[in-house]
Asks: 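Structure below; questions to follow.
Atoms considered below: every heavy atom in the structure, side chains included; atoms not considered: hydrogens, waters and symmetry mates. Both counts, for ligands and for their atoms, begin at 1 and track the order of listing. Because the structure is predicted, anything quoted here is derived from the model rather than measured.
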Amino acid sequence: MIKTVKFGGSSLACADQFKKAVEIVKSEKERLYVVPSAPGKRFKGDAKVTDMLYRCYALAEDGRDFSKALDNIRARYDEIVKGLGVKVDMDSEFQAIDSNFRSKNGGDYAASRGEYLNALIMAAALGRPFVDAADIVLFDEHGTFESERTNETARAKLKALKEGAVIPGFYGSLPDGSIHTFSRGGSDISGSIVARAVHSDVYENWTDVSGFLVADPGIIDDPVRIDTITYRELRELSYMGAGVLHEEAVFPVRREGIPVNIRNTNDPSNPGTWIVESTCQKSEYIITGIAGKKGFCAVNVDKDLMNTEVGFGRKVLQAFEDNGISFEHMPSGIDTMTVFVHQSEFMSHEQRVVAEIHRLAHPDSIEIESDLALIAVVGRGMRATRGTAGRIFSALAHASVNVKMIDQGSSELNIIIGVKNDDFEAAIRAIYDIFVMTRI
Ligand code: ASP
């Protein structure tokens, strides 16, 4: 059994947190490959080391004095090294960083040092080899991640290290050897890449929450945890804003059918959430999760006998495409179609889009409704259960929420509901209550 374990920034933010991570790795001999993030926030309002590095490098790039900013970063690492009692030559590491900043080695190089130094410390604490991500995570000259070349290179290098290894997250290298990072939060992707390369049985992703929750804790008090979620359910929920894992992190492990286990460094006995390809395990509450977003706007286009006109829908969508606006949902009736778009994106193009729809499709009328929210109720269990939609809508009616739009995909994996922004929280509470609290 092989496990790859990734620790997020809050799990490595200071010596005390770092010690917990080291203990977690040591407590199971299967936890062979370790991928650390950079030190994150120690408390609300604190700075992440990655952000400190970006800011420090911006000073260097402007030719300004950055020594104080670099000292502050160094202090974060000194506290960790001292607290753990490990030996890492921070003097020479920071000298190298200082001189590379002076020679303007790039923002990606700067940001990557957060993970690089944490991996050196983790390797020293565990007594395991350090493998630089620059040698095994490869991008092409345009910065596009090269998954297969990376997989082969990483596999050859890591599989030879039977005692395991520590690999920094977040970055890799371009063909010319310079450092290139993933987007923010990208250590999740690095962990997934390593898990795939070494044929892990599990990819454990350690963070500061005990997995995914059925609903947003900002709306529901102490929501229940999701035990098991499929990749597709996760995609639906994260699109609607339920984020714990980087969106691209599932791709490498998914190719090999490796399950992801989200765990909490501050509560290691909690089993967390399993993310799997498919499962015969039913979710406990029919629905797996509820998520949503505010800030949509609906463009209703009416035309008598629309259903008989070939190409009407294409012409309407053309107007959005020409203005560079992507649409989110498009429910339709016999003589009407509605296009849901992000309000912030749409606002500045609004009148141009309306004019173009008139010009291209000659509708009878166009009406725009703003300040709408979309809620996704997601669950693989819905397919096998009658009456799920009925329960949702009676719960919403009881909560006096007016439903503006309903969209159920043919996969029966989710039901999307449009409500006014003001009804958003009440709607989520009503749906949560009917499925989780009363457990029908
Ligand atoms: N340290 C990087 C960030 O703050 C990457 C990561 O933590 O995953 O975005």
Asks: Between S187 and ligand 1, find which residue part has any heavy-atom pair under 4.0 Å and reply side chain, backbone, both or neither.
Replies: both
Asks: Out of R184, K48, K6, E115, who gets a non-hydrogen atom closest to atom 5 (C) of ligand 1?
Replies: E115
Asks: Quick one: nearest non-hydrogen protein atom to atom 7 (O) of ligand 1, plus distance?
Replies: S37 OG, 3.1 Å
Asks: Out of the candidates P168, P39, S187, S37, only one should pair with N118 under the side chain to side chain contact (heavy atoms under 4.5 Å, CB included) rule; please name it.
Replies: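 Single pass found, and it is P39.
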Asks: Taking the six-membered ring of Y116 as reference, does the cationic atom of R113 (NZ for Lys, CZ for Arg) lie under 6.0 Å from its centre and within 45° of its axis?
Replies: yes
Asks: Please determine which of D322, N323, I325 meets the side chain to side chain contact (heavy atoms under 4.5 Å, CB included) test together with R352.
Replies: N323
Asks: G9 near ligand 1, heavy-atom distance under 4.0 Å?
Replies: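 It does not; every heavy atom stays at 4.0 Å or beyond.
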Asks: Examine ligand 1 and decide if any of its atoms is less than 4.0 Å from a heavy atom belonging to G185.
Replies: yes
Asks: Below 3.5 Å, N or O to N or O, backbone or side chain included: is there any such pair between D188 and ligand 1?
Replies: no
Asks: In plain terms, say whether E152 and K159 are close enough for a salt bridge, that is, a side-chain N and a carboxylate O under 4.0 Å apart.
Replies: no
Asks: Is the centre of the Y171 ring less than 6.0 Å from the centre of the H180 ring?
Replies: no
